[in-house]
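All residue numbers in this chain count up from 1 along the given sequence.
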Amino acid sequence: MKVNFKSKKTRVLLIVAAIVLVLALLIGKAVSSISSAVSGFDGMVEVVEVEQRDLSETITLSGTVQGISSTNVTSKAAAKFTEVNVSVGDEVQEGDVLACLDSSDIDTQINQTGKSISNTKALTDLTNQSNAEALARAQEDQATALASAKTALDRQVADYEAADAKYSSDKAKLEAAKSAKSAYDTAKKKYDDKYAEYTANSTTPDASQQAELDQLQAAANTAFSDYQAKLGGSSIEAMEAQVSSDAATLSSLSRACADAKTAYDNTVTSTNRSIDAAQDAINASQYQTSDTTASDTLKELKDQKNDCVVYAPCSGVVTAVKVSVGDTNTPGATIITIQDTSTLVISSIVDEADILKLEEGMKASVTTKATGEETMEGTLTRVTRVKSEPGADGTSGYETEITLDNTDLLIGMTAKARIVLHEKKNVLSVPYDLIQYDEDGNAFVMAAEDNGDGSGMATVVRKNVQVGEEINYYTEIIGGDLKEGDQIFFDTAVEEGASVFPYSQWDDVTEE
């Protein structure tokens, strides 16, 4: 088929001319509208649209994924490793055999120490038996010596008491004889005095005087008879000599009693010394046996023997192996490190500007490079209140720990956790620095009110607002004239009533 290029070209030109004519008419109308408003134009001013949004204040923490706990496995055995059964990254269960050490040298030391303790015990037992027998003999010797000394003392006391009784009796007889003699001498003197009185003139006493003299004579005779009875065939001199002899005997026996008592006390003292010496020997032996050096050594060796097989104290992942077969173990040094991965945590450092905002129990959203956009949940489970020492990079802060719900991550992964401190959903808000206050403290914003003539021009109007909380960059609007969709000015210096051309950077971005 033959194409008519001429007619086709003519038709295209006609279409283009029609379009140009329409555009000219539209541009002319727009220019006319703009020209009518240009006399009041105050410039172009950026605006932002008021909208409902979710407001939240957050803290982002960075840290490393770790197990809930880390256990350093050690052994007390000073021996060489014969087996090391794990490598870094291995998963182990509690009770698994991690490593073995050669126990032959330890067995030899256990046998030698055991024999030494056995010999020492035998010698100690023999010494204790000898000391116990010495104590028993000392106690028996004391009983015998004290019994003999007590018998001698009792005999001396008995002799003294007998002599004392005789001395008291003889002295009482002497006193009685002296008293009787004094009574006789008094009675005789009365008789003699009366007789001398009645015969002073060499006359014979009359009957009444003689009767009186007879009474006095009878009294004197009675006193004499009593005196003779008290003498008992002896004499005052002889009785005095006897009492003197009794006193001497009593004095001698008193000294003998004192000597016997001293001898008894000396026996108590000397035999107590013997008993104390025997008891001291027993005590000294006990102190010697209480020296537990050898027993402690044996216990330590047995502990080393038990530690020649190293078991996993917990389940988890091996994160460090610091020995190899043939190495000699340093007792107490870390052999293997196991992290318990039944629960994973993120450890991080927070500076002091944010630490007081955090509380245990806060929820966290966690992301890692390995999981990309996937968000995992976690809980802030530890917030330390003591600042850590500066690390290798010189930084320090407060340690925190976030426990993860997800246990599929690997130890050592880097993670970021976002913790929401405060959140409000779907609230009307504006950038906080667009809020202005008048002299009475009333809050307001400057908004654009479209002129409605199609020119895009707007008038600056004031809209009063009631503000709520300020969260991050935004302020919550809880009342007033402002509503969703309103456009407010970034430039707070615009004056109410001014005519401006509002524009939004977001519009430019959209067009691009």
Undergrad: Find out whether the Lys NZ or Arg CZ of R53 is both under 6.0 angstrom from the six-membered ring centre of Y474 and within 45° of the ring's axis.
TA: yes
Undergrad: Would you say the side chain of L135 lies within less than 4.5 Å of the side chain of Q139, judging by non-hydrogen atoms?
TA: yes
Undergrad: So, K424 and E476, do they make that salt bridge, N to O below 4.0 Å?
TA: yes
Undergrad: Supply the atom-to-atom distance T108 OG1 to L301 CG, rounded to the nearest 0.5 angstrom.
TA: 10.5 Å
Undergrad: Between K363 and T379, is any side-chain donor less than 3.5 angstrom from a side-chain acceptor?
TA: yes
Undergrad: Taking side chain as C-beta onward, heavy atoms only, is F489 less than 4.5 Å from V500?
TA: yes
Undergrad: Have Q109 and D105 got a donor and an acceptor in their side chains that come within less than 3.5 Å?
TA: no
Undergrad: Looking only at heavy atoms, what is the nearest atom pair of L482 and L428, with distance?
TA: O-CD2, 3.9 Å
Undergrad: Quick check: does any side chain N or O of S270 sit under 3.5 Å from a backbone N or O of T267, one acting as donor and the other as acceptor?
TA: yes
Undergrad: So do L434 and F490 actually touch side chain to side chain, heavy atoms under 4.5 Å?
TA: yes
Undergrad: D450 side chain to A458 main-chain N or O, any donor-acceptor pair under 3.5 Å?
TA: no
Undergrad: For Y311, look at atom OH and say whether over 12 heavy atoms of other residues, nucleotides or ligands are found less than 6.0 Å away.
TA: no
Undergrad: How long is the span from the CG atom in D405 to the CE atom in M376, to the nearest 0.5 Å?
TA: 10.0 Å
Undergrad: Is there a donor-acceptor pair under 3.5 Å between the side chain of T271 and the backbone N or O of V268?
TA: yes
Undergrad: Do the non-hydrogen side-chain atoms of L61 and I59 ever get within less than 4.5 Å of each other?
TA: yes
Undergrad: Taking atom CD of E94 and atom OG1 of T71, what is their separation to the nearest 0.5 Å?
TA: 10.0 Å
Undergrad: With a 4.5 Å cut-off on side-chain heavy atoms, are V430 and V48 touching?
TA: no
Undergrad: Does S116 use its side chain to pair, donor to acceptor, with the backbone of Q112 at less than 3.5 Å?
TA: no
Undergrad: Judged by modelled atom types alone, do S130 and T127 share a side-chain donor-acceptor pair under 3.5 Å?
TA: no
Undergrad: Output the distance between atom CG (L98) and atom CG (N85), rounded to the nearest 0.5 Å.
TA: 7.5 Å
Undergrad: Between E360 and R382, is there a salt bridge with N-O shorter than 4.0 Å?
TA: no
Undergrad: Write down the atom of D307, the atom of L101, and the distance for their closest heavy-atom approach.
TA: O-CD1, 3.6 Å
Undergrad: For V465, does its backbone N or O pair with a side-chain atom of D481 as donor and acceptor, under 3.5 Å?
TA: no
Undergrad: Which pairs would a plain distance check flag for residues 348-356, meaning a side-chain donor or acceptor within less than 3.5 Å of a matching protein atom at least two apart in sequence or in another chain?
TA:
unit_1, atom_1, unit_2, atom_2, d
S348, OG, T400, OG1, 2.9
D351, OD1, A353, N, 3.2
D351, OD1, D354, N, 3.4
E352, OE1, K387, NZ, 3.2

Undergrad: Answer yes or no: does atom CD of Q52 have more than 12 heavy-atom neighbours from other residues, nucleotides or ligands under 6.0 Å?
TA: yes
Undergrad: Would you say the side-chain atoms of S118 pair up with the backbone N or O of G114, donor to acceptor, closer than 3.5 Å?
TA: no
Undergrad: For K357, does the NZ atom sit with more than 12 other heavy atoms under 6.0 Å from it, leaving out its own atoms?
TA: yes
Undergrad: Of all residues at least two apart in sequence or in a different chain, which pass the side chain to side chain donor-acceptor pair (under 3.5 Å) check with T337?
TA: N72
Undergrad: Between the side chains of N451 and T459, does any donor sit under 3.5 Å from an acceptor?
TA: yes
Undergrad: Check E423 with K425, please: is the shortest side-chain N to carboxylate O separation under 4.0 Å?
TA: yes
Undergrad: Between K483 and D486 (salt bridge meaning N to carboxylate O under 4.0 Å), is one present in this structure?
TA: yes
Undergrad: Any Lys/Arg nitrogen of D303 or K299 sitting under 4.0 Å from an Asp/Glu carboxylate oxygen of the other?
TA: yes
Undergrad: Looking at side-chain heavy atoms only, is the closest gap between T492 and M446 below 4.5 Å?
TA: no
Undergrad: Looking at SG of C314 and CD of Q339, how far apart are the two atoms once the value is rounded to the nearest 0.5 Å?
TA: 10.0 Å
Undergrad: For the residue pair Q93 / S315, report whether a side-chain donor-acceptor contact shorter than 3.5 Å exists.
TA: yes
Undergrad: Quick check: does any side chain N or O of T371 sit under 3.5 Å from a backbone N or O of T367, one acting as donor and the other as acceptor?
TA: no
Undergrad: V73 versus P313: any side-chain heavy-atom pair under 4.5 Å?
TA: yes
Undergrad: Identify the heavy atoms of N464 and F444 that sit nearest to each other, and give their distance.
TA: OD1-CB, 3.7 Å
Undergrad: State, with a plain yes or no, whether a side-chain heavy atom of M413 is found less than 4.5 Å away from one of T64.
TA: no
Undergrad: Using side chain to side chain donor-acceptor pair (under 3.5 Å) as the criterion, list what pairs up with E373, not counting sequence neighbours.
TA: none
Undergrad: Please report the closest heavy-atom contact between N131 and A281, naming both atoms and the distance.
TA: ND2-O, 3.2 Å
Undergrad: Enter the distance from T403:OG1 to E401:CD here, rounded to the nearest 0.5 Å.
TA: 5.5 Å
Undergrad: Do you know which two heavy atoms are closest between I419 and A364, and how far apart they sit?
TA: CG1-CB, 3.7 Å
